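Chain letters run A, B, ... following the sequence lines, proteins first and then strands; every chain starts at 1. As the structure is a computational prediction, the values presented were derived from the model and not from experiment. For the numbers below, each heavy atom of this structure counts, side chains included, while hydrogens, waters and symmetry mates do not.
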2 protein chains.
Amino acid sequence: MISLTEENYLKAIYHLSEDGSKAVLTNDLAEAMHTKAASVTDMIKKLSIKEFISHEKYYGVNITSKGKAVALSVIRKHRLWETFLVQKLSFSWDEVHEVAEQLEHIQSNRLIEKLDEYLGFPKADPHGDPIPDSNGKIKALQKVMLSTLKPGSDSLIVAVKDSDSKLLKYLDKIGARPGKKIKVIDREEYDGSMEVSINSQRFFLSKEVSENILVTA
Amino acid sequence: MISLTEENYLKAIYHLSEDGSKAVLTNDLAEAMHTKAASVTDMIKKLSIKEFISHEKYYGVNITSKGKAVALSVIRKHRLWETFLVQKLSFSWDEVHEVAEQLEHIQSNRLIEKLDEYLGFPKADPHGDPIPDSNGKIKALQKVMLSTLKPGSDSLIVAVKDSDSKLLKYLDKIGARPGKKIKVIDREEYDGSMEVSINSQRFFLSKEVSENILVTA
DNA sequence: AATACTTTTTAGATAAGCCTAAAATATTAC
DNA sequence: GTAATATTTTAGGCTTATCTAAAAAGTATT
């Protein structure tokens with residue numbers, strides 16, 4: 001069995017290692033886990049014995065494929081729950097994280113597969129991050145700037161580049177959230193502004209705004 | 001803060017005390033918690049200090065109103081999640097308990113109020129047990145035999161009287177589960193049989209069957 | 001290459017929740 | 001009313017996950 005704390009460590013290691021591609025240092029992990037380096041060293045020993053990570057003293061840890069599988073399963077659950085909270089319970093986009101941090105540790109394969117189905121097998125969560133499938137395969141979504149789309153194109157909002165809070169508030173107001181469909185109606189050549197349709201409503205977006213909205217290619 | 005283990009103890013004490021009406025003995029609590037009497041004594045000390053229960057040595061524990069509030073909040077969450085699993089994720093009635101045991105400990109008032117709303121403020125869970133409201137008020141549901149309803153009445157299945165497994169299997173097959181809506185279409189006076197609608201499907205039920213289905217008054 | 005500084009690990013404690021074995025108290029039997 | 005039995009509590013330990021303080025190892029400076 002794997003404890004809740006172990007799951008959280010593995011998730012943090014996975015993220016800090018940039019999906020398993022580089023070693024993670026003790027202090028960085030301590031900061032991410034809001035704990036002290038000594039505690040991290042203890043946990044590193046446990047996770048190494050269980051072969052979720054490999055560890056060379058003083059040189060950081062690397063996640064194993066066994067550890068990666070655990071991390072991806074937790075990430076899958078986290079992102080499915082976030083999608084549920086936003087799509088079904090109409091939570092706003094920025095208030096889901098805390099709750100999903102708890103829900104991601106519920107142990108039940110049946111539950112998560114049913115939830116996936118209920119949500120219509122979503123590919124990305126409300127922040128635009130891709131949802132791993134039940135085998136832990138994760139497809140990086142091809143993201144392009146909305147500004148590159150031609151009139152008539154139909155695609156899905158995947159993320160927002162700039163995290164300026166004024167921009168986020170504006171996009172939220174017009175319903176331009178990750179996961180939403182967006183259609184390009186027209187594009188003005190001289191200033192790069194666009195007319196788009198979201199939720200069957202039309203909006204004019206400046207070039208600046210349309211360069212900050214990332215959509216599926 | 002209250003721990004997951006403390007919540008589980010309080011829930012068990014609440015149930016064993018028959019909703020707070022009598023004292024609970026150490027050994028009974030140990031059995032319910034699948035643990036040993038010595039461990040229970042330890043926990044009793046903690047819960048007494050926090051004033052969730054009162055304890056007279058060797059004579060068992062009584063739950064306080066503070067403890068009852070915690071227990072009822074957990075029970076509310078448990079029953080709402082069970083309703084969600086059955087109604088929305090189409091879990092069957094008998095496979096929800098284990099998962100709900102985990103979900104009931106998620107800490108978020110906002111989540112549980114949104115869930116309640118999403119489910120349409122249900123009064124009972126799929127087993128027919130009443131769901132406490134957000135203030136911890138629990139209303140014993142008025143249950144009447146389906147056979148007493150007049151044609152045209154619309155109500156909720158609350159429970160099944162007889163626990164004969166053949167009857168249960170039959171009712172399960174036609175979708176006649178607690179929590180489901182049932183409408184009386186017609187009633188034959190001479191033999192007491194009824195025509196009802198469940199899930200938009202029509203069925204003829206014998207007098208015997210309709211006397212075993214309990215519905216909201 | 002020796003000193004200073006940073007990072008990591010070790011050593012020794014603590015709190016929660018559990019355990020076994022033994023002591024204390026209550027209940028029942030004679 | 002005392003002895004036998006059952007229940008509950010105490011005492012002392014264990015594990016997990018945390019901490020602080022100190023030692024060890026690695027890196028940088030001169």
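A salt bridge does not link B:Asp133 with B:Lys139: none of the charged nitrogens is closer than 4.0 Å to a carboxylate oxygen. A salt bridge links A:Glu101 and A:Lys11; the closest N-O separation between the charged side-chain nitrogens and carboxylate oxygens is under 4.0 Å. A salt bridge is absent between A:Arg79 and A:Glu104: the closest approach of a Lys/Arg side-chain nitrogen to an acidic carboxylate oxygen does not fall below 4.0 angstrom. Electrostatic pairing of B:Arg110 and A:Glu98 does not count as a salt bridge here, judged by no charged N lying under 4.0 Å from a carboxylate O. Residues B:Lys181 and B:Asp154 are not paired through a salt bridge, judged by the lack of any N-O separation under 4.0 Å between the basic side chain and the carboxylate.
Within the structure, a side-chain polar atom (N or O) of B:Asn27 is placed less than 4.0 Å from OP1 or OP2 of D:dT8. At least one side-chain nitrogen or oxygen of A:Lys57 sits closer than 4.0 Å to the OP1 or OP2 atom of C:dT10. An OP1 or OP2 oxygen of D:dT27 is reached within less than 4.0 angstrom by a side-chain nitrogen or oxygen of A:Tyr59. Between B:His55 and D:dT9 there is a side-chain N or O to OP1 or OP2 distance below 4.0 Å. Here B:Lys45 reaches the OP1 or OP2 of D:dT10: one of its side-chain N or O atoms lies under 4.0 Å away. Phosphate contact (OP1/OP2 of D:dA17, side-chain N/O of A:Ser3, threshold under 4.0 Å): present.
Taking every side-chain heavy atom of B:Thr41 into account, D:dT8 is the closest of C:dG17, D:dT8, C:dT10. Candidate nucleotides C:dC19, D:dT16, D:dT9 were compared by shortest atom distance to the side chain of A:Lys46, and D:dT16 ranks first. The listed nucleotides are C:dT10, C:dC18, D:dA25; the one nearest the side chain of A:Tyr58 is D:dA25. Checking D:dT18, D:dT8, C:dT9 against every side-chain atom of A:Tyr9, the shortest atom distance belongs to D:dT18. Here the side chain of B:Ala38 is nearest to one of D:dT8, D:dA17, C:dC19, namely C:dC19.
D:dA17 atom P lies 10 Å from atom CE of A:Met33, rounded to whole Å. Straight-line distance from the CG atom of A:Asp42 to the P atom of D:dC19: 10 Å, rounded to whole Å. With rounding to whole Å, A:Leu4 atom CG is found 12 Å from D:dT16 atom C1'. Rounded to a whole Å, the NZ atom of B:Lys50 is 13 Å from the P atom of C:dA15. In this structure, A:Asn8 places its CG atom 9 Å from P of D:dT18, rounding to the nearest Å. As rounded to whole Å, 16 Å separates atom C1' of C:dA22 from atom NZ of B:Lys36. The nearest whole Å value for the distance from the CD1 atom in B:Ile44 to the P atom in C:dA16 is 17 Å. In this structure, the CG atom of B:Leu25 is 14 Å from the C1' atom of C:dT25, given to the nearest Å.
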(request) Starting from the C-alpha separation in whole Å, work towards a yes-or-no answer on ring-ring contact (aromatic ring centres under 6.0 Å, His included) for A:Phe84 and B:Phe84. (result) CA-CA 12 Å; A:Phe84 168 74; B:Phe84 168 74; 5.2 Å; yes
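Backbone-only engagement by A:Thr5 is indicated by non-hydrogen atom pairs under 4.0 Å involving sugar-phosphate atoms exclusively. Nucleic acid contact class of B:Ser39 (heavy atoms, under 4.0 Å, all strands): base. Among the heavy atoms of the strands lying under 4.0 Å from A:Thr26 are primed sugar atoms or P, OP1, OP2 only; no base atom is included.
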